[in-house]
Amino acid sequence: MIIVPESAIGELVSLGDCVDAVEKTFVSMAERSAHNFPVVREAVGYADALFGFKSGFDREGLALGLKAGGFWPNNSDKGLTNHQSTVFLFDPETGRCRAVVGGNLLTALRTAAASAISIKHLARRDAKVLGMVGAGHQASFQLRAAVQQRQFEKVVAWNYHPEMLPKLAAVAKELAVPFEAVDLERLGDEADVIITITSSFQPILKASQIRPGTHLACMGTDTKGKQEVDPALVAAATLFTDEIAQAISIGECQHAVAQGMIAPIDIAEIGAVINGQESGRTSPEEVTLFDGTGVGLQDLAVAQAAVELALARGIAVEVDF
């Protein structure tokens, strides 16, 4: 069995590696050669933790396995990341465990890769201003991934807690992109692309705040009840997602569906856009929205990439099991 420890991921796997892996997975999903298994997510009843599993199988990439992990809200007090996860990969021929891979950084990278892929395929080519709603741990990954897809000339950002914005500003400075903290009205008025990455349970952005031609990547809603944008905005946009079943149950689309404002048929899979089965953006004025719910196959794809890179560079730890 191969072990790729968490400590090795940062020097091993790049954002570009993850974009390539996740993009191929989205295509496999759209072509029905890959599917996700039902998600398990439960309160542990200890340490205020949530724990669960995301799993699936990609027949094209031969990725079979699961990510086990969750959220431990008190970890920050212990100097640990609140989100903790590990990916287990299995040999699809025999069922034997092939690899165990640290999943904390990979989760952040694959989430950023998904929004980057949506920008790549759905945002206007002339997009110049990036809007960031949210400034937590994941926001910096989102920002780094986004600037690889378009030549952004400016970042405008808003967060519930403004005191967190300087950390995001530092990342923008490192990337040589001007940064400005703004209110939501100005953010919507200026941004060509908006990434929402919060843990909100109340809508933040409204349809009236979004100008024609905007692309939104809604990346924070991954649980029943969470919500980052008003259902009217979802209903007014052309909709895309990683997996429709998750979008309508735990993703941003759940609220518009519950209110009868949209139906599942109104949502296209991003993989079908990548392989040409579905149209992406059809006009410069169209508002597009990607509902990034996060699927297990993304985790398997980036973990598999990590294993192959570790083997190629001779740093994989191999043990009898």
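Predicted, not measured: the structure shown is a model, and the values here were computed from it.
- The closest donor-acceptor contact from the side chain of Asn82 to the backbone of Ser76 lies under 3.5 Å.
- The shortest side-chain heavy-atom distance between Leu15 and Phe141 does not fall under the 4.5 Å cut-off.
- With rounding to the nearest 0.5 angstrom, the CZ atom of Arg124 is 10.0 Å from the OG atom of Ser283.
- Taking the side chain as every heavy atom from C-beta outward, Asn104 and Gln84 approach each other to under 4.5 Å.
- To the nearest 0.5 Å, the span separating CD on Gln254 from CD1 on Ile248 amounts to 10.5 Å.
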For this session: Starting from the C-alpha separation in whole Å, work towards a yes-or-no answer on side chain to side chain contact (heavy atoms under 4.5 Å, CB included) for Ser249 and Lys224.
Result: CA-CA 7 Å; Ser249 58; Lys224 190 171 181 62; over 6 Å; no
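- Note: the hydrophobic cluster containing Val22 does not contain Phe37 (ILVMFWY, side chain heavy atoms under 4.5 Å, direct or indirect links).
- For the atom pair NZ of Lys128 and NZ of Lys154, the computed distance is 14.5 Å after rounding to the nearest 0.5 Å.
- Checking side-chain atoms of Arg59 against main-chain N and O of His35 turns up no donor-acceptor pair under 3.5 Å.
- At a threshold of 4.5 Å between non-hydrogen side-chain atoms, the residues His255 and Val234 do not count as touching.
- Not a single donor-acceptor pair under 3.5 Å links the side chain of His215 to the backbone N or O of Glu286.
- Atom CD of Glu163 has more than 12 heavy atoms from other residues, nucleotides or ligands within 6.0 Å.
- Between Arg98 and Glu93 there is no salt bridge, since no side-chain nitrogen of the basic residue lies less than 4.0 Å from a carboxylate oxygen of the acidic one.
- A heavy-atom distance below 4.5 Å is found between the side chains of Thr288 and Phe240.
- A side-chain donor-acceptor contact under 3.5 Å links Glu6 to the backbone of Gly103.
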For this session: Could you go through the side chain to side chain contact (heavy atoms under 4.5 Å, CB included) check for Gln142 and Met132 one step at a time?
Result: CA-CA 9 Å; Gln142 296 288 329; Met132 295 291 302; 4.0 Å; yes
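- Met164 and Leu175 fall into different hydrophobic clusters, where Ile, Leu, Val, Met, Phe, Trp and Tyr residues are linked whenever their side-chain heavy atoms come under 4.5 Å apart, directly or through other members.
- In terms of heavy-atom proximity, Gly56 sits nearest to Leu297 at C-CD2, 3.9 Å.
- Proximity of a side-chain donor or acceptor of Asp17 to a complementary backbone N or O of Ser14 within less than 3.5 Å is detected.
- Of the options Gln246, Gln298, Glu243, a side-chain hydrogen bond (donor to acceptor under 3.5 Å, both in side chains) to Asn36 is made by Glu243 and by none of the others.
- Phe57 places a side-chain heavy atom less than 4.5 Å from the side chain of Pro92.
- A distance-only check finds a donor-acceptor pair linking the side chain of Thr241 to the backbone of Asp291 [under 3.5 Å].
- Side-chain atoms of Val193 and Arg150, non-hydrogen and from C-beta on, never get closer than 4.5 Å to each other.
- When each of Glu23, Arg281, Gln149 is checked for a side-chain hydrogen bond (donor to acceptor under 3.5 Å, both in side chains) with His121, only Glu23 meets the rule.
- Looking only at distances, no side-chain donor or acceptor of Glu228 sits under 3.5 Å from a matching main-chain atom of Ile204.
- Other residues, nucleotides and ligands place more than 12 heavy atoms under 6.0 Å from the CD atom of Gln277.
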Exercise. Could you walk me through whether Leu168 and Leu143 pass the side chain to side chain contact (heavy atoms under 4.5 Å, CB included) check?
Worked result: CA-CA 8 Å; Leu168 195 60; Leu143 176 54; 3.9 Å; yes
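- Heavy atoms only, all atoms of each residue included: Ala306 and Val101 are closest at CB-CG1, 4.2 Å.
- A distance-only check finds a donor-acceptor pair linking the side chain of Arg96 to the backbone of Phe321 [under 3.5 Å].
- Nearest heavy-atom pair across Gly61 and Gln304 is O-NE2, 2.9 Å.
- Val40 and Phe90 fall within a single hydrophobic cluster, where Ile, Leu, Val, Met, Phe, Trp and Tyr are joined by side-chain heavy atoms under 4.5 Å apart, directly or via other members.
- Cluster annotation: Tyr160 is not connected to Leu165 through the hydrophobic network of ILVMFWY side chains, with a link wherever side-chain heavy atoms come within less than 4.5 Å.
- A donor-acceptor pair is defined here as one N or O able to donate and one able to accept, closer than 3.5 Å; such a pair exists between the side chain of Ser200 and the backbone of Gln227.
- With Ile244 as reference, Ile267 is the one residue of Asp266, Leu239, Ile265, Ile267 to meet the side-chain contact (heavy atoms from CB on, under 4.5 Å) rule.
- Counting heavy atoms from C-beta on, the side chains of Lys167 and Val171 never come closer than 4.5 Å.
- Taking each heavy atom of Thr25 and Ala301 in turn, the nearest pair found is OG1-CB, 3.0 Å.
- Glu60 and Ser28 are not linked by any side-chain donor-acceptor pair at a separation below 3.5 angstrom, with hydrogens and angles left out of the test.
- The line from OG1 of Thr293 to CD of Glu252 is 11.0 Å long, rounded to the nearest 0.5 Å.
- Smallest separation of non-hydrogen atoms from Val13 and Cys18: CG1-SG, 3.5 Å.
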For this session: Could you check Ile195 against Ile119 for side chain to side chain contact (heavy atoms under 4.5 Å, CB included), going step by step and ending with a plain yes or no?
Result: CA-CA 10 Å; Ile195 299 173; Ile119 294 169; 4.2 Å; yes
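- Of all the heavy atoms in Ile210 and Leu205, the pair that sits closest is CD1-CD1, 4.3 Å.
- Other residues, nucleotides and ligands place no more than 12 heavy atoms under 6.0 Å from the NZ atom of Lys173.
- Judged by distance alone, with hydrogens and angles left aside, the side-chain atoms of Asp299 form no donor-acceptor pair with the main-chain N or O of Lys67 at under 3.5 Å.
- The pair Arg211-Asp192 meets the salt-bridge criterion, since a charged nitrogen lies less than 4.0 angstrom from a carboxylate oxygen.
- Here Arg110 contributes atom CZ and Asp242 contributes atom CG; the two are 8.5 Å apart, rounded to the nearest 0.5 Å.
- The side-chain heavy atoms of Leu289 and Val287, taken from C-beta on, include no pair separated by under 4.5 Å.
- In the hydrophobic cluster analysis, where Ile, Leu, Val, Met, Phe, Trp and Tyr join through side-chain heavy atoms closer than 4.5 angstrom, Leu216 is grouped together with Ile262.
- Defined by atom type and a distance below 3.5 Å, a donor-acceptor pair is missing between the side-chain atoms of Ser85 and Lys54.
- The structure places CG of Asn75 at 11.0 Å from CG of Asp48, a figure rounded to the nearest 0.5 Å.
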